[in-house]
Amino acid sequence: MICTLVQKHLDDLSELYLGYENKYRVIPHPNTYQQEELKVTSVDKMNRLLYVGLLVPNKRVDRLIHAWNTLSINHPD
């Protein structure tokens, strides 16, 4: 089962992998705010990294941590 957040990705998958359409689902983005309702605010700059996923060996999160460390040393701002 493959889940996407937008219909466009589902359409692309369906074109690339014909015959597997029953394996795809769209989970719509839960943001229901209209653009004019969103308030832009300034936030103090903080270097952050958010990883969302399983902490299992084949995800290679160790590489992500190493890459983030290298990036933060080479580009501290």
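Sorted by first and then second residue, the salt bridge (Lys or Arg N to Asp or Glu O under 4.0 Å) pairs with a member in residues 67-76 form an empty list; sequence neighbours excluded.
No single ILVMFWY cluster, assembled from side-chain heavy atoms under 4.5 Å apart, contains both Leu13 and Leu18.
Between Asp11 and the options Lys8, Gln7, His9, a side chain to side chain donor-acceptor pair (under 3.5 Å) holds for only Gln7.
Leu71 contributes atom CG, which lies 10.5 Å from atom CG of Leu64 (distance to the nearest 0.5 angstrom).
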